[in-house]
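Chain letters run A, B, ... following the sequence lines, proteins first, then strands; residues in each count from 1.
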There are 2 protein chains.
Amino acid sequence: MFKSAPSREHDAEARRERLLKAAAAVFAKDGFEKASLRAICLKAKANVAAVKYYFGSKDGLYREVFLSICQESMKEDAPVTLAEGGSPEETLRRWIHYLLDHALLKRTKNPVMSQIMAHEMREPTPCLNEFIKLIFRPFHQELERIIAAVMGRRAVDEDCVLYCHHIIGLCLHYDHCRVFVDRLGPPVPKTETEVLRLADNIADFVLGALVSRRATKSKPASRSKKKP
Amino acid sequence: MFKSAPSREHDAEARRERLLKAAAAVFAKDGFEKASLRAICLKAKANVAAVKYYFGSKDGLYREVFLSICQESMKEDAPVTLAEGGSPEETLRRWIHYLLDHALLKRTKNPVMSQIMAHEMREPTPCLNEFIKLIFRPFHQELERIIAAVMGRRAVDEDCVLYCHHIIGLCLHYDHCRVFVDRLGPPVPKTETEVLRLADNIADFVLGALVSRRATKSKPASRSKKKP
DNA sequence: CCTGTTTATAAACGCATGTTTAAATCTGCT
DNA sequence: AGCAGATTTAAACATGCGTTTATAAACAGG
């Protein structure tokens with residue numbers, strides 16, 4: 001006893017899909033708060049009440065968008081991993097390039113995902129927890145393993161996790177504070193080759209840091225360099 | 001022929017001051033967009049129309065708040081500089097600690113300034129340019145000089161500026177993406193000693209990186225490590 | 001004391017938001 | 001054909017915002 005005939009079902013599905021697609025675009029551009037249902041429905045050629053009908057509320061719509069782009073993102077490009085072969089150093093370099101590519105050149109691969117993630121980091125929504133669990137944590141953990149490998153440690157320890165934050169923050173800064181960076185130094189990369197250059201600069205910087213910290217273990221008690 | 005009698009003058013000034021103070025607090029908490037005039041006036045025990053009367057508009061009020069906290073911030077704690085003595089490395093360590101202190105422990109020193117700056121970086125307002133010119137650029141340039149000193153260079157070059165961005169991004173990440181860091185690793189420091197620990201970790205990391213890059217000049221052409 | 005200017009306040013304006021209602025339309029089944 | 005249920009739509013609702021207006025109060029000078 002299926003709900004309705006195929007023809008209508010098709011129309012409904014098409015409308016739902018249109019709404020979802022329009023919503024994804026607008027949410028990506030403006031973020032959850034600033035995106036308006038009217039703008040979305042205008043783009044989808046649908047009535048505002050359709051949102052309530054199909055998704056219950058603005059929150060529901062956003063959640064659906066989130067889920068759809070999640071599973072779309074899953075099957076797309078796998079993030080950089082150690083398993084692909086190559087030295088840990090080269091893997092880290094590729095990882096940094098990958099992150100920077102997504103953060104700065106959002107047009108590549110899955111632009112909607114990149115933009116929505118950026119918004120989610122600026123002002124978290126109720127989807128934050130799922131976002132972290134499904135998308136961010138696996139990504140983060142792979143970097144932790146890469147760092148542990150670069151540092152020659154058998155397992156991921158607290159230092160690796162911290163360095164992981166350092167690196168991600170360093171990269172995302174060029175996106176989050178784009179307007180500041182642009183005004184205070186060489187402009188933020190806008191082409192693939194420029195991004196590659198920056199990625200290499202960052203990779204050199206980070207590898208230098210990690211290698212220099214390779215020897216130290218757990219508690220280096222650093223603060224005591226006051227003229228020995 | 002001064003405009004009015006002292007008693008009235010005093011009241012008016014007091015009201016203006018109350019508004020300014022309340023506005024600073026609310027802007028600091030919510031940022032420019034989300035802060036509402038009604039909330040500000042409620043806190044200042046003033047009428048909403050008073051904002052138009054004294055400051056012309058919400059923008060005008062924000063601009064006044066910005067100017068007032070600027071000159072307040074000028075005379076307060078001078079940022080860390082090379083001139084204070086000590087090795088460049090130690091100066092850099094202190095600089096990082098100083099930034100982290102302001103970013104994470106906003107209650108210290110000038111909380112309003114720190115918070116408003118954080119908001120300004122997230123979503124810039126029309127005051128952005130003045131903000132950069134008056135506050136951010138001098139701060140940034142001092143870091144550039146420190147880095148140049150650490151790297152033993154005679155003048156600030158493009159690499160120094162980039163490293164500067166790296167370091168600032170690395171530090172601010174713990175504030176901007178606090179909620180992410182909290183969920184993915186050791187929680188973001190909340191006490192002075194914790195902040196000091198993190199600052200030392202970051203300083204060690206950064207110094208390692210800078211020292212390792214000390215030898216290289218201008219164009220290291222890094223990308224060519226593909227199995228020699 | 002009256003008068004005109006400055007200051008203060010309450011109320012309304014115009015707009016935009018997410019949500020909801022209630023009526024209209026369409027569809028499939030009997 | 002006709003009915004019942006699903007879908008669509010336009011309109012209204014409730015709320016919040018920054019801004020504006022019109023009126024009342026406080027004050028200064030003639």
Write out all pairs satisfying salt bridge (Lys or Arg N to Asp or Glu O under 4.0 Å) with one or both partners inside residues 58-70 of chain B, taking only residues at least two apart or from two chains.
Arg16(B)-Glu64(B), Arg63(B)-Glu130(B)
Roughly, in whole Å, what's the span from NZ in Lys45(A) to C1' in dT8(D)?
17 Å
Any residue in residues 20-30 of chain A with a heavy atom nearer than 4.0 angstrom to DNA chain D? Just list them by number, or reply none.
none
OP1 or OP2 of dT7(D) less than 4.0 angstrom from a side-chain nitrogen or oxygen of Tyr54(A), does that happen here?
no
So which of residues 57-66 of chain B are in contact with DNA chain C, with a heavy-atom cut-off of under 4.0 Å?
none
Measure the shortest side-chain to side-chain distance between Phe66(A) and Ile116(A) over non-hydrogen atoms and say whether it is less than 4.5 angstrom.
no
Between CZ of Arg18(A) and C1' of dT8(D) the distance, given in whole Å, is 12 Å
Crowded around Gln141(B) CD? As in, over 12 foreign heavy atoms under 6.0 Å?
yes
Side-chain donor-acceptor pairs under 3.5 Å in residues 142-149 of chain B, sequence neighbours left out?
unit_1    : atom_1 : unit_2    : atom_2 : d
Glu142(B) : OE1    : Arg145(B) : NE     : 3.4
Glu142(B) : OE1    : Arg145(B) : NH2    : 2.9
Glu142(B) : OE2    : Leu82(B)  : N      : 3.1
Glu144(B) : OE2    : His140(B) : ND1    : 3.0

dT9(C) phosphate, OP1 or OP2, under 4.0 Å from Arg15(B) side-chain N/O:
yes
Pairs involving residues 28-50 of chain A, ordered by first then second residue, that meet salt bridge (Lys or Arg N to Asp or Glu O under 4.0 Å) (sequence neighbours left out):
none
Heavy-atom check, side chain of Leu162(A) versus side chain of Leu198(B), under 4.5 Å:
yes
Enumerate the protein-to-nucleotides 12-14 of chain D contacts in which both atoms are nitrogen or oxygen and the separation is below 3.5 Å.
none

Heavy-atom donor-acceptor pair, Asn47(B) side-chain to dA10(C) base, under 3.5 Å
yes
With sequence neighbours excluded, what pairs up with Phe205(A) under the ring-ring contact (aromatic ring centres under 6.0 Å, His included) test?
Tyr163(B), His166(B)
Per-helix bend value, the helix from dC1(C)-dG30(D) to dT30(C)-dA1(D), C1' rotation axes over five pairs per end, 10° rounding, shows 30°
Taking side-chain hydrogen bond (donor to acceptor under 3.5 Å, both in side chains) as the definition, give me every residue that meets it alongside Arg183(A), ordered by chain and number, with sequence neighbours left out.
Asn129(B)
Using only side-chain N and O atoms of Lys52(A), determine if any of them is under 4.0 Å from OP1 or OP2 of dT19(C).
no
When you compare the side chain of Phe27(A) with that of Val112(A), does any pair of heavy atoms fall below 4.5 Å?
no
Taking ring-ring contact (aromatic ring centres under 6.0 Å, His included) as the definition, give me every residue that meets it alongside Phe55(A), ordered by chain and number, with sequence neighbours left out.
none
For Thr125(A), side-chain hydrogen bond (donor to acceptor under 3.5 Å, both in side chains) partners two or more places apart:
Glu120(A)
Looking at residues at least two apart in the chain, or sitting in another chain, which of them share a side-chain hydrogen bond (donor to acceptor under 3.5 Å, both in side chains) with Arg137(B)?
none
Taking side chain as C-beta onward, heavy atoms only, is Arg93(A) less than 4.5 Å from His97(A)?
no
What contact category does Ala35(A) fall into here, base, sugar-phosphate, or nothing, at under 4.0 angstrom with non-hydrogen atoms?
sugar-phosphate
